[in-house]
Asker: 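One structure is given below, represented as structure tokens, and several questions about it will come after.
Along the sequence shown, the residues carry numbers beginning at 1. Predicted, not measured: the structure shown is a model, and the values here were computed from it.
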Amino acid sequence: MIDIMINIINANEFQTFIKLILVALLSGIIGFERENWSKPAGFRTHVLVGISAAMVMICGEYLHNKTGADATRIPAQLLSGIGFLGAGTILRDGTNVKGLTTAAGLLSVTCIGLSVGAGYYLGAIIATVVVYIVLKHSHKFSNRLEHFSNISLKIITDEPKEIAIGLENIISEYELDVAKIKIIENDEKNDISYIVLEGKCRDDINKNKLMTKIISLDNIKQVVEV
């Protein structure tokens with residue numbers, strides 16, 4: 001009976017089952033954290049990526065045992081290809097770029113899956129704990145270190161070129177780090193003229209006061225944050 005149990009435990013199929021259960025648990029922990037933040041890639045995506053990575057490693061070892069092929073060739077291709085999936089989670093919103101952390105998380109889950117597939121369980125568990133702590137708590141530190149916030153304003157006016165001097169004075173007064181100023185005259189779609197102002201401002205600046213200051217200029221109809 002004991003010999004039968006040992007044979008079952010040592011069987012490739014049983015080892016594969018254990019690895020897939022473990023990687024689903026570990027990648028699910030990270031995916032659940034991303035799900036709580038309503039990120040593009042959540043629990044299911046992370047679990048599927050982790051399982052896929054583990055299976056790639058398992059298949060590589062299987063082919064190596066059967067044919068003597070290099071067991072690292074398939075995992076190496078996976079690490080190259082995972083970038084396409086990560087790119088799908090990266091979104092650009094004005095001057096903001098979102099999804100980089102989720103993309104990096106998917107790469108981490110891939111490496112965790114490869115570690116489980118290779119049988120390096122302790123390393124995978126340690127990596128999961130570290131990645132989870134970083135994702136869960138790093139924003140508390142980054143918020144303290146970050147002293148600037150992004151700003152993107154749409155200034156609707158009939159005379160976009162005429163207000164340039166007054167706008168320049170406000171930019172200087174509030175010490176805005178301007179990335180782009182775009183003037184749109186007679187927009188055919190909305191039949192309006194406006195200025196798009198994008199850049200960064202200090203965290204201690206009241207954006208409402210800034211917008212009020214801009215709208216106090218002559219010929220300004222409306223200022224909205226976009």
Asker: Looking at side-chain heavy atoms only, is the closest gap between Val178 and Glu198 below 4.5 Å?
Answerer: no
Asker: Hey, what do you get for CG (Asp177) to CD1 (Ile171), rounding to the nearest 0.5 Å?
Answerer: 10.5 Å
Asker: Out of Ile214, Val224, Leu217, Ile183, which residue meets the side chain to side chain contact (heavy atoms under 4.5 Å, CB included) rule with Ile155?
Answerer: Ile214
Asker: Do Leu20 and Leu48 share a hydrophobic cluster (ILVMFWY, side-chain heavy atoms under 4.5 Å, transitive)?
Answerer: no
Asker: Could you measure the distance from the CD1 atom of Ile195 to the CD1 atom of Ile156? Nearest 0.5 Å is fine.
Answerer: 11.0 Å
Asker: Looking only at non-hydrogen atoms, find the nearest pair between Lys209 and Tyr174 and report the distance.
Answerer: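 Looks like O-OH, 3.9 Å.
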Asker: For Gly50 and Val23, which heavy atoms make the closest approach, and how far apart are they?
Answerer: O-CG2, 3.4 Å
Asker: Kindly write out the residues that satisfy salt bridge (Lys or Arg N to Asp or Glu O under 4.0 Å) with Lys207, not counting sequence neighbours, or none if the list is empty.
Answerer: Glu225
Asker: Identify whether Ile125 and Tyr120 are in the same connected component of the hydrophobic contact network (ILVMFWY, side-chain heavy atoms under 4.5 Å).
Answerer: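 No; Tyr120 is not reachable from Ile125 via cluster members.
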Asker: Please check if the side chain of Lys19 supplies one atom and the backbone of Gly117 the other of a donor-acceptor pair under 3.5 Å.
Answerer: yes
Asker: Check for me, please, whether Tyr132 and Leu107 land in the same ILVMFWY cluster - side-chain distances under 4.5 Å, paths through other members count.
Answerer: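 No, Tyr132 does not connect to Leu107 through the hydrophobic network.
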Asker: Give a yes or no answer on whether the side chain of Thr110 reaches the backbone of Leu106 with a donor-acceptor pair at less than 3.5 Å.
Answerer: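 Answer holds: yes.
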Asker: Surrounding OH of Tyr62 (heavy atoms of other residues, nucleotides or ligands, distance under 6.0 Å), is the total greater than 12?
Answerer: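 Atom OH in Tyr62 is not packed in, count stays at 12 or less.
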Asker: Minimum heavy-atom separation for Val109 and His46, please, with both atom names.
Answerer: CG1-O, 3.3 Å
Asker: Apply side chain to side chain contact (heavy atoms under 4.5 Å, CB included) to Leu25 and Ile21, showing your working.
Answerer: CA-CA 6 Å; Leu25 175 63; Ile21 293 298; 5.7 Å; no
Asker: Linking I/L/V/M/F/W/Y whenever any side-chain heavy atoms sit under 4.5 Å apart, do Ile126 and Val134 land together?
Answerer: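 Both belong to a single hydrophobic cluster.
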Asker: Give me the atom names and distance for the closest heavy-atom approach of Ala24 to Ile51.
Answerer: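 Looking at all heavy atoms of both residues, the shortest contact is CB-CD1, 4.2 Å.
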Asker: Determine the minimum heavy-atom distance between Thr157 and Ile220, stating which atoms define it.
Answerer: CB-CD1, 4.0 Å
Asker: Nearest 0.5 Å please: distance from the CD atom of Glu61 over to the NZ atom of Lys66.
Answerer: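 Here the interatomic distance stands at 14.0 Å.
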Asker: Which value, rounded to the nearest 0.5 Å, describes the distance between Thr128 atom OG1 and Ile133 atom CD1?
Answerer: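 One gets 11.0 Å once the value is rounded to the nearest 0.5 Å.
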Asker: With sequence neighbours excluded, what pairs up with Lys221 under the side chain to side chain donor-acceptor pair (under 3.5 Å) test?
Answerer: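 Applying side chain to side chain donor-acceptor pair (under 3.5 Å) to Lys221 gives Asp158.
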Asker: Is any side-chain heavy atom of Met55 less than 4.5 Å from a side-chain heavy atom of Thr16?
Answerer: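 In short, these two side chains touch, coming nearer than 4.5 Å.
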Asker: Can you tell me how far the CG atom of Leu176 sits from the CD1 atom of Ile170, to the nearest 0.5 Å?
Answerer: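 Here the rounded value is 9.0 Å.
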Asker: Is Leu114 reachable from Ile29 through a run of I, L, V, M, F, W or Y residues, each pair having side-chain heavy atoms under 4.5 Å apart?
Answerer: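 Ile29 and Leu114: separate clusters.
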Asker: Determine the minimum heavy-atom distance between Tyr121 and Val116, stating which atoms define it.
Answerer: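 The answer is CE2-O, 3.7 Å.
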Asker: Look up atom CZ in Phe32 and atom CG in Leu135, then write down how far apart they are to the nearest 0.5 Å.
Answerer: 13.5 Å
